Chemist: 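Just passing along the structure, written as structure tokens.
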Amino acid sequence: MIPGIVVGRQARISLILLLPENLEIEIECVVDTGFEGFLTLPSPAITKLGLHYLGQINAKLADNSNVASNVYLATILWNGVEKDVAVLGMGHRPLIGTALLEDYHLSIDFCDGGTVLVDDILRS
């Protein structure tokens, strides 16, 4: 189970980014159920972390426009398991998308300070 909290109308959970030389960085992310990918990080953060560049895609935004986005590879710790995920370099804050939520149950008590829980439905 992955716990989180609602802050300012945003469901937030943390994940661990695994970097070379056994470095671990905890990142607080907003859960974005309208984003079908795994993870977004701001481009300056990706540069600082030195993530491996994979290529570029056209990402469709909520307003139906397309924007070119660089794609990187990151290893995260997700519910205690190492997982390689595609990271889009875009936006101003880290977002977790529905690709990470696949086969999980998301529960949100949508009030300031409310509980956010992501639970693996396959292990339940």
Side-chain angles (χ1 to χ4, degrees):
M1 177 172 25
I2 302 166
I5 189 167
V6 174
V7 178
R9 296 186 182 145
Q10 296 177 341
R12 299 181 185 190
I13 60 175
S14 293
L15 61 78
I16 303 292
L17 198 62
L18 302 174
L19 299 173
E21 301 179 20
N22 295 324
L23 293 175
E24 296 181 358
I25 296 177
E26 184 172 349
I27 299 175
E28 184 180 69
C29 303
V30 173
V31 177
D32 183 352
T33 60
F35 168 47
E36 294 178 356
F38 289 97
L39 182 64
T40 71
L41 290 174
S43 294
I46 289 173
T47 300
K48 189 173 183 178
L49 295 168
L51 298 183
H52 178 72
Y53 178 74
L54 294 177
Q56 192 174 73
I57 63 164
N58 284 318
K60 186 174 277 195
L61 302 180
D63 67 358
N64 213 28
S65 65
N66 288 306
V67 62
S69 178
N70 290 327
V71 182
Y72 300 85
L73 180 65
T75 303
I76 63 169
L77 194 58
W78 181 251
N79 200 30
V81 177
E82 285 188 24
K83 184 174 186 114
D84 291 331
V85 297
V87 179
L88 300 183
M90 62 189 328
H92 300 290
R93 63 180 167 231
L95 300 177
I96 288 177
T98 56
L100 271 178
L101 298 175
E102 187 172 359
D103 294 326
Y104 283 80
H105 174 79
L106 172 64
S107 172
I108 304 170
D109 294 328
F110 236 102
C111 59
D112 205 34
T115 301
V116 178
L117 292 174
V118 179
D119 201 11
D120 186 344
I121 58 176
L122 298 177
R123 289 190 201 177
S124 299

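Residue numbers run from 1 in the order of the sequence given. Predicted model only: the values in this text are computed from it and were never measured.
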Chemist: I need the Leu23 CG to Ile16 CD1 distance, nearest 0.5 Å.
Modeler: 12.0 Å
Chemist: Following the transitive rule for hydrophobic clusters with a side-chain heavy-atom cut-off under 4.5 Å over Ile, Leu, Val, Met, Phe, Trp and Tyr, establish whether Val7 and Val30 coincide in one cluster.
Modeler: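 Cluster IDs for Val7 and Val30 differ.
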Chemist: Any idea which heavy atoms bring Ser14 and Ile2 closest together, and the distance?
Modeler: O-CG2, 4.2 Å
Chemist: Check whether any side-chain heavy atom of Thr40 lies under 4.5 Å from a side-chain heavy atom of Asp32, and answer yes or no.
Modeler: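 With C-beta onward as the side chain, the pair stays apart.
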Chemist: Would you find more than 12 non-hydrogen atoms of other residues, nucleotides or ligands less than 6.0 Å from Asn22 atom CG?
Modeler: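 Result for CG/Asn22: open.
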Chemist: Tyr53 and Leu18: same hydrophobic cluster, using ILVMFWY side-chain contacts below 4.5 Å?
Modeler: no
Chemist: First locate atom CD1 of Ile121, then atom NE2 of His105, and finally report the distance between them rounded to the nearest 0.5 Å.
Modeler: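 Nearest 0.5 Å value for the CD1-NE2 distance: 9.0 Å.
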Chemist: What's the shortest heavy-atom distance between Ser69 and Ala59, and which atoms?
Modeler: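 Taking Ser69 first and Ala59 second, the nearest heavy atoms are CB-CB, 4.4 Å.
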Chemist: Between Ile96 and Phe110, is there shared hydrophobic-cluster membership here, with clusters defined by ILVMFWY side-chain heavy atoms closer than 4.5 Å?
Modeler: yes
Chemist: For Leu77 and Glu82, which heavy atoms make the closest approach, and how far apart are they?
Modeler: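 For Leu77 and Glu82, the tightest heavy-atom pair comes out as CD1-N, 3.9 Å.
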Chemist: Counting neighbours of CZ on Arg12 that are heavy atoms of other residues, nucleotides or ligands and sit closer than 6.0 Å, is the number greater than 12?
Modeler: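 For Arg12, atom CZ is crowded (more than 12 foreign heavy atoms under 6.0 Å).
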Chemist: Ring centres of Trp78 and Tyr104 under 6.0 Å apart?
Modeler: yes
Chemist: Rounded to the nearest 0.5 Å, what's the gap from CD1 on Ile25 to CG on Leu19? Could you check?
Modeler: 4.5 Å
Chemist: In Å, rounded to the nearest 0.5 Å, how long is the span from CG of Leu101 to CZ of Phe38?
Modeler: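 One gets 10.5 Å once the value is rounded to the nearest 0.5 Å.
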Chemist: Identify the two heavy atoms, one from Ile27 and one from Pro94, that lie closest to each other, and give their separation to 0.1 Å.
Modeler: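 Answer, listing the atom of Ile27 first, then Pro94: CG2-CG, 3.6 Å.
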Chemist: Roughly how far, to the nearest 0.5 Å, is the CD1 atom of Ile76 from the NZ atom of Lys83?
Modeler: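 Result: 7.0 Å between the selected atoms.
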Chemist: I'd like to check Val118 versus Leu100 (side-chain heavy atoms, cut-off strictly below 4.5 Å). Are they in contact?
Modeler: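 No, too far: nothing below the 4.5 Å cut-off.
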Chemist: Just how far is it from atom CD of Glu28 to atom CD1 of Ile13, taken to the nearest 0.5 Å?
Modeler: 10.0 Å
Chemist: Would you say Glu36 has more than 12 foreign heavy atoms packed within less than 6.0 Å of its CD?
Modeler: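 Counting neighbours around CD of Glu36, 12 or fewer heavy atoms of other residues, nucleotides or ligands fall under 6.0 Å, so no.
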Chemist: Scan Asn79, Leu39, Val85 and name whichever one has a side chain to side chain contact (heavy atoms under 4.5 Å, CB included) with Leu15.
Modeler: Leu39
Chemist: Of all the heavy-atom pairs spanning Met1 and Leu117, show the shortest one and how long it is.
Modeler: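 The answer is SD-CD2, 3.4 Å.
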Chemist: Show the numbers, then the answer: is there a side chain to side chain contact (heavy atoms under 4.5 Å, CB included) between Ile46 and Asn70?
Modeler: CA-CA 10 Å; Ile46 289 173; Asn70 290 327; over 6 Å; no
Chemist: Do Val6 and Val116 touch side chain to side chain, with heavy atoms closer than 4.5 Å?
Modeler: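 A side-chain contact under 4.5 Å exists here.
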Chemist: Do you know the tightest heavy-atom contact between Asn58 and Ala68?
Modeler: OD1-CA, 3.8 Å
Chemist: Check the pair Leu88, Val71 against side chain to side chain contact (heavy atoms under 4.5 Å, CB included), reporting the backbone distance first and the verdict last.
Modeler: CA-CA 5 Å; Leu88 300 183; Val71 182; 3.6 Å; yes
